[in-house]
Protein chains: 2
Amino acid sequence: MSGVPAAIVRPRERIIAAARELFHRHGIRGVGVDTIADAAGTNKMTLYRHFESKDELILAYVRTVAAEGETMWQEIARDHPGDSQAQLDDWLMRAAECVSADGRGCDLANVAVELTEDNHPARKLIEQLKIHHRDRLAALCRAAGVVQSEALADTLTLLLEGARVCRVTAGRKGPSAEFIHTARTVIESFEKKPKAKRKDTTHKGIEQRRTIA
Amino acid sequence: MSGVPAAIVRPRERIIAAARELFHRHGIRGVGVDTIADAAGTNKMTLYRHFESKDELILAYVRTVAAEGETMWQEIARDHPGDSQAQLDDWLMRAAECVSADGRGCDLANVAVELTEDNHPARKLIEQLKIHHRDRLAALCRAAGVVQSEALADTLTLLLEGARVCRVTAGRKGPSAEFIHTARTVIESFEKKPKAKRKDTTHKGIEQRRTIA
DNA sequence: CCTAAATGTTACCGATCGGTAACATGGCCT
DNA sequence: AGGCCATGTTACCGATCGGTAACATTTAGG
């Protein structure tokens, strides 16, 4: 009854998993539906019974990548409850992993680059996801006591996206190699709210922790 | 003798111009050689008499984009001779134009994203070009008196590349909207060499110009 | 066990892809 | 005028693309 058999992975999930891998490696335009169906251990006909077009499969791919991003944010919050400063640090480490992972850059950005039609539904979805990610980061910066939290979120977003694309264009030894150091320097250059009400312009004591909670 | 007739644009130049435009708009994989030949007012056969493959045409496209970048650097040097600070400002303005131009991002980066084969000659060329650009920027930062010139060049490169890709993924109102302000803030946070030998830690007078020449 | 739904298999469609052969036409130089 | 070289034209090639029809097979549920 509750044994293994019922847990066999359905074709739909295998197709999504195969698309996830192949789209990531060869790009959206670089892989056909035949290849995906084959890699999923099924056939094109079954694929088209679950996705009415390749565009819909691309949308499912984007949603899958987005879900992984959502999982990341949840893990960050779970691993450092109430410690926004540690959450920001964790975000930075995970971001650095994304940069140096495998040199294929950001999957969402790659899709946006390959989808040159302005009104493609996947592009609109990606736009929402990217804005959402930036807003989450801004909220985290604010919680961590950064005064110009919006500006820092914008800056960190640009640095991360730049590092990922530079990893693709300039290789492992390019500007992305120093991403962590670069981001840390920028973060430290932003002023943080002191515990006291008055601004503290001391030129050395900018290192208090847990400013907000 | 020196009249107009001999100056008629040859098919080769028209093909490169058409490829420049179409590759930029629709991506490398998004446009076929037929379309390019047609847009160039010629035919596929003539195209293949000048370029032995589409890959070679892509290479010519990359070289064209690179030449435009070289022209930009020369204009920057010509417009502000001996004033490295003004040259850096000029670079920033031109970079901002690249970001907000037409929302198609960086042509070279787009090619690198679309060319998923690691050993494609165009990818190696792009890598050299990107590294070269970063080194030029680092030299400019050093000439402008920035102490950590290498670090600033890396940071500005990441910001620029990030802004261009964010313009594609997150739209006009995304993090790239504040690119100039973001970059300016970062630049100002980097220490500059004072004229005097001793470091000047004054908290307000960080605005001297023409520090080096 | 029997039925019905999900999946597999094969063949096919029109379109487009990168690339080539053969031949006709043009203009430029001696 | 003659000849040559660049270009234009047409047709074609095999491969692959996204997508579908018809039919066989398996699987699950009553």
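Throughout, a chain's letter reflects where its sequence line sits, starting with A, and its residues are numbered from 1. Computation of the quantities below employed the complete heavy-atom set of this structure, encompassing side-chain atoms and omitting hydrogens, waters and symmetry-equivalent molecules.
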* Structure fact -> When rounded to the nearest 0.5 Å, the distance separating OG of A:S84 from CG of A:D89 is 11.0 Å
* To do: Spell out, as yes or no, whether a donor-acceptor pair under 3.5 Å connects the side chain of B:R14 to the backbone of B:A40.
  => yes
* Asked: Hey, mind stepping through B:I15 and B:I36 against side chain to side chain contact (heavy atoms under 4.5 Å, CB included) and telling me if it holds?
  -> CA-CA 7 Å; B:I15 291 169; B:I36 294 174; 4.2 Å; yes
* Asked: About how many Å separate CZ of B:R49 and OG1 of B:T42, when rounded to the nearest 0.5 Å?
  -> 8.5 Å
* Structure fact -> One should read off an interatomic distance between B:T116 OG1 and A:H24 NE2, to the nearest 0.5 angstrom, of 11.0 Å
* Sort and list the pairs that fulfil side chain to side chain donor-acceptor pair (under 3.5 Å) and have at least one residue in residues 25-35 of chain B, not counting sequence neighbours. => B:E21-B:R25, B:D34-B:K44
* To do: Could you tell me the separation between the CD atom of A:E178 and the NZ atom of A:K173, rounded to the nearest 0.5 Å?
  => 12.5 Å
* Asked: What is the distance, rounded to the nearest whole Å, between atom NE2 of A:H50 and atom C1' of C:dG8?
  -> 12 Å
Below 3.5 Å between N/O atoms, which protein atoms pair up with nucleotides 24-27 of chain D? Just atom names and distances, please.
none

* **Pairwise distance CD(B:E114) to CD1(B:I58) - rounded to 0.5 angstrom** => 8.5 Å
* Applying salt bridge (Lys or Arg N to Asp or Glu O under 4.0 Å), name anything that partners A:E13, two or more places apart in sequence or on another chain. => none
* Structure fact -> Whole-Å distance, B:L57 CG to C:dC17 C1', equals 15 Å
When you compare the protein's N or O atoms with those of nucleotides 19-21 of chain D, which come within less than 3.5 Å of each other, and at what distance?
residue	atom	partner	partner atom	Å
D:dG19	OP2	A:Y48	OH	2.6
D:dG19	OP2	A:K54	N	2.8
D:dG19	O5'	A:Y48	OH	3.4
D:dG19	N7	A:K44	NZ	3.0
D:dG19	O6	A:K44	NZ	2.2

* Calculate the interatomic distance between B:N43 atom CG and C:dG26 atom C1'; express it in whole Å. => 13 Å
* Asked: A:R12 near the nucleic acid: base, sugar-phosphate alone, or nothing, with a heavy-atom cut-off under 4.0 Å?
  -> nothing
N/O donor to acceptor pairs below 3.5 angstrom from side-chain atoms of residues 151-168 of chain B, sequence neighbours left out:
residue	atom	partner	partner atom	Å
B:D154	OD1	B:R134	NH1	2.6
B:D154	OD2	B:R134	NH1	3.4
B:T155	OG1	B:A151	O	2.7
B:T157	OG1	B:A153	O	2.7
B:E161	OE2	B:K130	NZ	2.9

* Asked: Between C:dT9 atom P and A:L47 atom CG, what is the distance in whole Å?
  -> 15 Å
* Give, ordered by number, those residues of residues 15-32 of chain A having at least one heavy-atom distance below 4.0 Å to an atom of DNA chain D; if nothing qualifies, reply none. => A:V31, A:G32
* Starting at CD of B:E13 and ending at P of D:dT7, how long is that distance when rounded to a whole Å? -> 10 Å
* To do: Grab the CD-P distance between B:E117 and C:dG18 for me, whole Å please.
  => 13 Å
